[in-house]
Amino acid sequence: MHFHFDRLGLLDEADIVLADLTLICGENNTGKTYATYGIYGFLRSWRGLLRNELEDEIESVLKDSEKYQLDLQQMFGGKVDEYLSKLGQKYTRLLPRVFATDPEVFQNVVCLPRSCRDEGLLARISHEAGRRGR
């Protein structure tokens, strides 16, 4: 799994690929703890975030249908990174709680978890975050 962060604490930008064993090394006060807590917080909260996201989508699909029938392949096929992107956006609103600090500290943070590297998606998210004001 890949994580991309913009403006997370001391980190202007970070790309981190998780493997079976991932070491984050560096000098003091370079953002290692921000990266670690950011990833840990996402991994700890993704299920709840996904549940909320799916409830909305399922409700929308069922509203437009006369049957209680869902085509899971149509709904989710090939959309893993899209869902991870949505979860990352929702997760940024939880960062003040993860770090137990003032919400203004994380006002313009970008968190983009993804299963594979999608440069187009990264560019779109970064552009959108830039429009919200750096």
Side-chain angles (χ1 to χ4, degrees):
M1 182 168 212
H2 301 248
F3 284 87
H4 176 84
F5 293 104
D6 283 335
R7 297 174 298 282
L8 178 63
L10 296 172
L11 300 171
D12 290 333
E13 182 178 4
D15 266 309
I16 300 166
V17 180
L18 296 184
D20 291 339
L21 175 66
T22 302
L23 299 176
I24 299 176
C25 304
E27 295 186 22
N28 291 341
N29 298 318
T30 56
K32 299 179 302 292
T33 301
Y34 278 103
T36 304
Y37 281 19
I39 291 169
Y40 173 77
F42 180 84
L43 294 175
R44 187 176 163 135
S45 63
W46 74 268
R47 286 188 180 118
L49 294 169
L50 183 61
R51 185 178 321 112
N52 291 339
E53 182 68 29
L54 293 181
E55 285 174 357
D56 294 343
E57 282 203 32
I58 290 171
E59 190 175 306
S60 171
V61 168
L62 292 177
K63 223 182 231 185
D64 296 337
S65 176
E66 295 177 7
K67 304 178 200 175
Y68 286 96
Q69 181 177 355
L70 298 172
D71 183 345
L72 296 180
Q73 181 61 36
Q74 180 184 4
M75 225 173 137
F76 306 116
K79 297 181 182 178
V80 171
D81 283 339
E82 184 180 319
Y83 280 105
L84 286 172
S85 174
K86 289 178 183 179
L87 298 182
Q89 290 173 3
K90 289 182 177 196
Y91 174 62
T92 59
R93 293 191 290 269
L94 299 178
L95 285 173
R97 226 178 337 161
V98 171
F99 288 91
T101 192
D102 185 13
E104 287 185 18
V105 173
F106 299 106
Q107 191 172 13
N108 296 312
V109 172
V110 172
C111 171
L112 181 60
R114 58 199 185 279
S115 62
C116 59
R117 193 165 183 87
D118 179 350
E119 293 299 333
L121 181 61
L122 178 59
R124 289 190 304 275
I125 298 297
S126 294
H127 175 72
E128 182 65 30
R131 285 189 0 201
R132 284 186 276 155
R134 284 189 163 217

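Heavy atoms only: backbone and side chains are in, while hydrogens, waters and symmetry mates are out.
Nearest heavy atoms, Pro113 versus Phe3: CB-CE2, 3.7 Å. Among all heavy-atom pairs drawn from Thr36 and Ile24, the shortest one is OG1-CD1, 3.8 Å. Residues Gly38 and Leu8 approach most closely at CA-CD2, 4.4 Å, considering heavy atoms.
For the atom pair SG of Cys111 and CZ of Phe5, the computed distance is 4.5 Å after rounding to the nearest 0.5 Å. With rounding to the nearest 0.5 Å, the separation of CG in Leu87 from CZ in Arg47 is 12.5 Å.
With a 6.0 Å cutoff to the six-membered ring centre and a 45° limit on the axis angle, Lys79 does not count as a cation-pi contact of Tyr83.
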Apply salt bridge (Lys or Arg N to Asp or Glu O under 4.0 Å) to Glu55 and Arg51, showing your working. CA-CA 6 Å; Glu55 285 174 357; Arg51 185 178 321 112; 5.3 Å; no
Between Val110 and Arg7, does a side-chain contact (heavy atoms from CB on, under 4.5 Å) hold up when you go through it step by step? CA-CA 7 Å; Val110 172; Arg7 297 174 298 282; 3.6 Å; yes
Take Asp12 and Asp6, measure what side-chain contact (heavy atoms from CB on, under 4.5 Å) needs, and give me the verdict at the end. CA-CA 5 Å; Asp12 290 333; Asp6 283 335; over 6 Å; no
Output, in order, the C-alpha distance, side-chain angles, deciding distance and verdict of side-chain contact (heavy atoms from CB on, under 4.5 Å) for Ser85 and Leu112. CA-CA 5 Å; Ser85 174; Leu112 181 60; 3.8 Å; yes
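Counting only distance, with no hydrogens or angles, the side chain of Asp81 and the backbone of Ser115 share a donor-acceptor pair below 3.5 Å.
With contacts defined as side-chain heavy-atom distances shorter than 4.5 Å, the pair Thr22/Val17 does not qualify. Looking only at side-chain heavy atoms (C-beta outward), Leu94 and Phe42 stay at 4.5 Å or farther from each other. Looking at heavy atoms from C-beta onward, Met1 lies in side-chain contact with Leu43 at the 4.5 angstrom threshold.
Applying the salt bridge (Lys or Arg N to Asp or Glu O under 4.0 Å) test to every pair with at least one member in residues 90-106, sequence neighbours left out, gives these pairs: Glu53-Lys90. Sorted by first then second residue, the side-chain hydrogen bond (donor to acceptor under 3.5 Å, both in side chains) pairs that include residues 37-46, not counting sequence neighbours, are Tyr40-Arg44.
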Using atom types as modelled, flag every donor-acceptor pair under 3.5 Å from a side chain in residues 28-35 to any protein atom, sequence neighbours excluded.
unit_1	atom_1	unit_2	atom_2	d
Thr30	OG1	Glu27	O	2.7
Lys32	NZ	Gly26	O	3.2
Lys32	NZ	Glu27	O	2.7

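By the side-chain contact (heavy atoms from CB on, under 4.5 Å) test, Thr101 is found to be paired with Phe99, Val105, Phe106, residues two or more places apart in sequence or in another chain being considered.
Under the 4.0 Å criterion applied to side-chain N and carboxylate O atoms, Asp15 and Arg114 are assigned as salt-bridge partners.
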